[in-house]
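Convention: sequence-line order gives letters A, B, ...; per-chain numbering from 1.
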Amino acid sequence: MAKRPVHDIEAKWQAQWEKDGLYQAADPGQSNAEKFYGLIEFPFPSGEGLHVGHPRSYTAIDAMTRKRRMEGANVLYPIGWDAFGLPTENYAIKMKVTPQEATKKNVGNFTRQLKMLGLGFDWTREVDTTDPKYFKWTQWQFIRFYNSYYNEVEGRARPISELPPTFNKDEYRMAYKAASTINWCPRCKIGLANEEAQGGVCERCGNPVEKREKAQWMIRITKYAERLLKDLEGVDYLDKIKAQQINWIGKSEGAYVDFAIVGAQHAAPLQDKITAFTTRPDTLFGATYLVLAPEHPLVETWIKEGNVKNATAIQEYQRASAAKTEIERTNESKEKTGVQLEGVMATNPANQEQIPVWISDYVLANYGTGAIMAVPAHDERDQAFAEVFKLPIIEVISEEAMVNSDFLNGVPVWKAKDEMISWLEEKEFGERATTYKLRDWVFSRQRYWGEPIPIIHCAKCGAVAVPDDQLPVMLPEVEAYEPSDSGESPLASIREWVEVKCPQCGGDAERETDTMPNWAGSSWYFLRYCDPNNDQELASHEKLKYWMPVNLYNGGMEHTTLHLLYSRFWYKFLWDLGIVPEECGSEPYAKRRSHGLILAQGGEKMSKSKGNVVNPDDVVKEYGADVFRMYEMFMGPFDQAVPWDTNGIEGVRKFLDRVWNLFDGEAANPFSDLETVYHQSVKKVSDGIEFMHFNTCVSQLMILSNAFTDAGGVPSDMRRGFIQLLAPFAPHLAEELWEKIGEKGSVHKSGWPAFDKDKLHAATFDLVVQVNGKVRAKVNVDSDISEEDAKAKAIEAAAKWLEGKEPKQVIYVKGKLVSIVA
RNA sequence: GCCCCGAUGGCGGAAUGGUAUACGCGGGGGACUUAAAAUCCCUAACCCGAAAGGGUGUACAGGUUCGAGUCCUGUUCGGGGCACCA
């Protein structure tokens with residue numbers, strides 16, 4: 001038998017497919033077929049090249065879209081490059097080339113690698129976030145954020161021009177610049193969003209982050225918190241992905257409670273009050289002190305007014321906590337520290353008790369109101385704090401408990417949460433409140449390799465958006481783009497780029513020098529795929545209406561929190577403004593799945609430092625793309641992490657070799673059992689692709705192939721179907737075999753095989769006989785046996801275990817078993 | 001601490017509440033070969049038994065059911081996410 005000419009076949013068909021434009025999606029109007037939009041997270045084209053993890057997702061969605069295409073759907077399966085970002089900048093610095101050159105080189109390499117895998121991408125729709133034709137629209141959209149506000153009444157974003165003139169526009173813009181404490185990575189020399197500094201360390205390099213005050217561009221994603229939460233109900237995401245989104249948004253329901261304040265210099269209560277947020281207003285009777293975040297603005301006020309007696313100690317504590325990094329604050333979390341604001345007392349509205357006020361860094365300034373009522377009897381943290389500083393602990397007791405107790409004189413009663421909120425509102429001591437952990441999105445980066453934020457600062461006019469007809473704002477070509485210690489963007493030092501005329505008044509002005517985060521370009525790329533070459537709009541309504549929403553989106557778990565949240569938000573914003581048409585719906589992705597990691601042999605993570613990285617180039621060189629693809633599908637359940645196994649890929653190679661050989665020999669004569677396996681296989685592979693059980697699809701193809709081998713060949717009426725079943729997984733081999741059996745056209749547009757329901761079961765089967773739950777016998781019977789006959793045969797076969805007794809109960813499961821209770 | 005997911009042979013894993021371990025890897029045995037590789041065939045959960053057969057078995061303890069890997073309750077271990085969020 002001839003050896004399978006793997007590489008010749010693959011090269012031949014890849015060229016043919018490209019020539020025929022086989023995988024090009026038809027625009028609306030050109031096709032009457034149903035559309036299917038399959039999406040994979042577009043890769044960041046790193047200098048390392050493709051990782052074996054990338055194709056796991058690409059191959060899976062390729063299999064699914066291939067099946068759809070074979071079924072006649074108009075499939076959109078696009079590819080592009082999320083090419084801005086820090087690693088390219090670092091790579092470029094190392095290689096002494098520009099980021100533009102580095103990107104071009106890396107994209108070239110990725111393109112070669114992806115093409116060698118024979119993935120059915122529509123390459124005519126390729127997008128690149130660093131292409132001015134693309135980022136022009138990213139900038140354009142930023143200007144929409146800048147020129148919009150959130151209309152609370154309508155519950156959606158509207159153009160800022162609709163804001164009543166009595167409002168100060170700058171306070172309502174969806175994109176705004178504000179001084180904020182940012183996470184600063186001293187190694188990367190970059191400001192990070194909270195999301196990128198989780199656990200107090202830089203996401204990129206693992207260095208502890210410091211806090212810095214800096215004016216940053218922010219986007220008001222918090223306005224969408226409720227919608228981002230609620231709309232999860234209408235989409236099909238993996239449960240754990242929904243859970244991550246819900247967690248991150250972090251909704252808490254409770255109340256704001258106001259505490260009146262008395263200070264050292266004032267006998268009468270101060271004007272100021274402290275508002276605390278609590279999810280447990282029912283424990284208000286047990287609040288024995290208040291705690292403010294060290295940064296709470298009232299602390300400053302009271303120091304100035306002389307209302308606190310120990311200003312020096314307070315200021316020292318404030319300085320100490322400001323100097324701590326996030327990680328230090330977290331690590332020391334067990335030991336509570338703080339300082340009392342001596343001279344200041346608050347009134348507990350529930351019982352008019354005077355309670356002390358403290359500052360402590362266990363209270364966060366940027367959540368809730370930056371102040372809490374401490375109930376040490378019912379909160380672990382408050383308890384720890386109270387124990388350190390010997391503060392009173394009062395337990396709040398429920399009415400139910402009161403009934404059975406005899407020492408309750410004077411002990412406060414626990415009201416139900418809702419009852420308590422109503423009481424607070426009635427007495428005007430507070431109000432119902434909802435808070436979210438989600439913060440506004442820090443959108444500024446002090447880096448070169450990102451989209452310049454299209455704003456011009458004019459001394460006279462303030463911040464002015466770059467007019468649409470002057471977009472894109474290009475990155476200047478420079479020699480040095482290394483970040484500086486000053487925290488300024490490298491763009492700031494390029495004076496000829498920075499200095500411009502104000503688009504409004506024509507006076508001297510300066511460009512904004514911050515660039516956008518990576519998340520920007522990836523927040524809307526799926527829209528651009530619908531209409532990638534449009535130079536009038538980011539995408540036409542007609543095309544968006546046709547293609548959106550994405551039917552299936554797949555990517556790694558590492559992007560199911562941030563990227564998913566940002567892009568859902570971004571999409572909703574565009575939808576609010578009508579840039580994305582109403583008909584597309586409020587969510588961009590109808591269905592989201594994620595694949596598991598591919599680990600190194602032995603179960604460790606692949607990493608360069610461990611030297612256990614498998615390079616797709618080597619695998620394809622040795623085995624070819626079909627084996628590589630099929631092995632990745634066979635390794636294990638799609639959503640689980642699985643280790644690479646060199647022996648495992650050999651098994652798949654042998655399998656495809658056997659398939660190849662099957663078509664070298666004679667056609668076999670069909671017989672009943674073979675037909676059964678065939679029809680079962682059609683069903684199992686069809687269902688398996690739908691439910692993303694790709695590993696069992698491959699198993700079933702092996703079972704079918706083994707059956708054909710045993711039969712001595714593939715019966716002629718099963719040849720087409722068998723090749724069609726193979727096509728989504730081994731597209732090159734399938735195409736070659738398709739040609740070999742004399743079929744015209746591509747197998748990938750040839751239809752999808754159907755199974756015959758009547759042929760899913762063999763003529764006879766082994767009827768299982770259980771006695772008292774144990775399998776005692778098997779009787780081969782006709783498939784169409786009647787219930788009565790089956791029971792009779794079963795009882796006969798079970799005679800030995802029944803010992804002449806009459807069965808108490810006989811249960812019949814059609815096609816499976818008879819269960820006898822003796 | 002909170003949330004999510006998982007635990008099945010030597011290994012990756014399969015199994016709409018109905019024959020546990022399909023398929024693949026690795027192992028053992030054999031064929032072909034001077035030999036090896038490649039390829040092909042056979043074998044294989046564990047215990048008792050020569051065999052027929054019987055018993056045990058899906059992390060652990062219970063429960064529901066004629067019947068549980070699957071459903072319920074509790075526990076242990078592992079993975080992931082969040083975490084001083086009041």
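Backbone-only engagement by A:Lys774 is indicated by non-hydrogen atom pairs under 4.0 Å involving sugar-phosphate atoms exclusively. Counting any heavy atom pair closer than 4.0 Å across all strands shown, A:Thr278 reaches sugar-phosphate atoms only and no base atom. Residue contacts for A:Val821: at a heavy-atom cut-off of 4.0 Å it reaches the sugar-phosphate backbone alone, with no base atom in range. Backbone-only engagement by A:Gln640 is indicated by non-hydrogen atom pairs under 4.0 Å involving sugar-phosphate atoms exclusively. Residue contacts for A:Asp645: at a heavy-atom cut-off of 4.0 Å it reaches the sugar-phosphate backbone alone, with no base atom in range. Residue-level contact check: A:Phe634 touches the bases, meaning some heavy atom is under 4.0 Å from a base atom. At the heavy-atom level, A:Val642 lies under 4.0 Å from the strands shown only through sugar-phosphate atoms. Within 4.0 Å of A:Gln244, counting heavy atoms only, lie sugar-phosphate atoms of the nucleic acid but no base atom. Residue A:Leu817 is in base contact, counting any heavy-atom pair closer than 4.0 Å across all strands shown. Using a 4.0 Å heavy-atom criterion, one finds that A:Asn695 contacts the sugar-phosphate atoms exclusively.
A side-chain donor from one of A:Asp258 and A:Thr275 sits under 3.5 Å from a side-chain acceptor of the other. With no hydrogens or angles considered, no side-chain donor-acceptor pair links A:Tyr237 and A:Thr560 at under 3.5 Å. Checked by atom type, the side-chain pair A:Tyr631/A:Asp645 shows no donor-acceptor distance below 3.5 Å.
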Going through the distances and angles, do A:Met630 and A:Leu726 end up as a side-chain contact (heavy atoms from CB on, under 4.5 Å)? CA-CA 10 Å; A:Met630 195 164 246; A:Leu726 285 164; 4.2 Å; yes
Determine, step by step, whether A:Thr59 and A:Glu632 satisfy the side-chain hydrogen bond (donor to acceptor under 3.5 Å, both in side chains) criterion, reporting the C-alpha distance in whole Å, the side-chain angles of both residues, the deciding distance to 0.1 Å, and the verdict. CA-CA 8 Å; A:Thr59 307; A:Glu632 290 223 342; 5.0 Å; no
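Comparing the same atom, P, in B:rA44 and in B:rA38 gives a spacing of 24 Å after rounding to whole Å. B:rU39 and B:rG17 have their P atoms separated by 39 Å, given to the nearest Å. Taking atom P on both nucleotides, B:rG67 is separated from B:rA20 by 15 Å, rounded to a whole Å. The gap from the C1' atom of B:rC40 to that of B:rG55 amounts to 37 Å, rounded to the nearest Å. Comparing B:rU70 with B:rA14, their P atoms sit 16 Å apart, to the nearest whole Å. Here, B:rU75 and B:rA7 have their C1' atoms 14 Å apart, quoted to the whole Å. Here the separation of B:rC5 from B:rG9, taken at their C1' atoms, is 24 Å to the nearest Å. One P atom belongs to B:rA31, the other to B:rG13, and the distance between them is 36 Å to the nearest Å.
The phosphate of B:rA86 has OP1 or OP2 within less than 4.0 Å of a side-chain N or O from A:Ser252. Side-chain N/O atoms of A:Asn706 include none lying less than 4.0 angstrom from OP1 or OP2 on B:rA22. Here A:Arg776 reaches the OP1 or OP2 of B:rG55: one of its side-chain N or O atoms lies under 4.0 Å away. Proximity of A:Tyr362 to the phosphate of B:rA86: no side-chain N or O atom is located under 4.0 Å from OP1 or OP2.
When distances are taken from the side chain of A:Thr279 to each of B:rA86, B:rG18, B:rC3, the shortest belongs to B:rA86. Candidate nucleotides B:rC4, B:rG81, B:rA14 were compared by shortest atom distance to the side chain of A:Ala243, and B:rC4 ranks first. When distances are taken from the side chain of A:Trp801 to each of B:rC4, B:rG18, B:rG54, the shortest belongs to B:rG54. Set against B:rG26, B:rG54, B:rC84, the side chain of A:Asn647 has B:rG26 as its closest nucleotide.
In this structure, A:Ile246 places its CD1 atom 14 Å from C1' of B:rC2, rounding to the nearest Å. In this structure, A:Asp239 atom CG and B:rG81 atom P are separated by 18 Å, rounded to whole Å. A:Ile811 has its CD1 atom 14 Å from the C1' atom of B:rA68, to the nearest Å. With rounding to whole Å, A:Ile249 atom CD1 is found 22 Å from B:rC2 atom P. In this entry the distance linking CH2 of A:Trp358 with C1' of B:rC84 reads 17 Å, nearest Å. The nearest whole Å value for the distance from the CD atom in A:Glu650 to the C1' atom in B:rA38 is 10 Å. Atom CH2 in A:Trp248 sits roughly 15 Å away from atom C1' in B:rG80 (whole-Å rounding). Here B:rA14 presents its C1' atom at 15 Å from CG of A:Asp687, a figure rounded to the nearest Å.
Between A:Asp382 and A:Tyr289 there is a side-chain heavy-atom pair separated by less than 4.5 Å. Taking the side chain as every heavy atom from C-beta outward, A:Phe708 and A:Val677 never approach each other to under 4.5 Å. Looking at heavy atoms from C-beta onward, A:Phe285 lies out of side-chain contact with A:Ile394 at the 4.5 angstrom threshold.
Take A:Phe729 and apply the ring pair (Phe, Tyr, Trp, His ring centres under 6.0 Å) test, not counting sequence neighbours, and it matches no residue.
At a cut-off of 3.5 angstrom, the base of B:rC84 holds at least one donor-acceptor pair with the side chain of A:Lys336. Contact annotation: side chain of A:Glu380 to base of B:rG1, donor-acceptor pair absent below 3.5 Å.
Across all strands shown, B:rU39 forms a Watson-Crick or G-U wobble pair with B:rA31, both key distances being under 3.5 Å. Under the Watson-Crick or G-U wobble criterion, with both distances below 3.5 Å, B:rG17 has no partner in any strand shown.
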Could you list the protein-to-nucleotides 40-49 of chain B atom pairs, N/O on both sides, closer than 3.5 Å?
unit_1	atom_1	unit_2	atom_2	d
B:rC40	OP1	A:Arg658	NH1	3.4

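Ring-centre distance between A:Phe655 and A:Phe634: not below the 6.0 Å cut-off.
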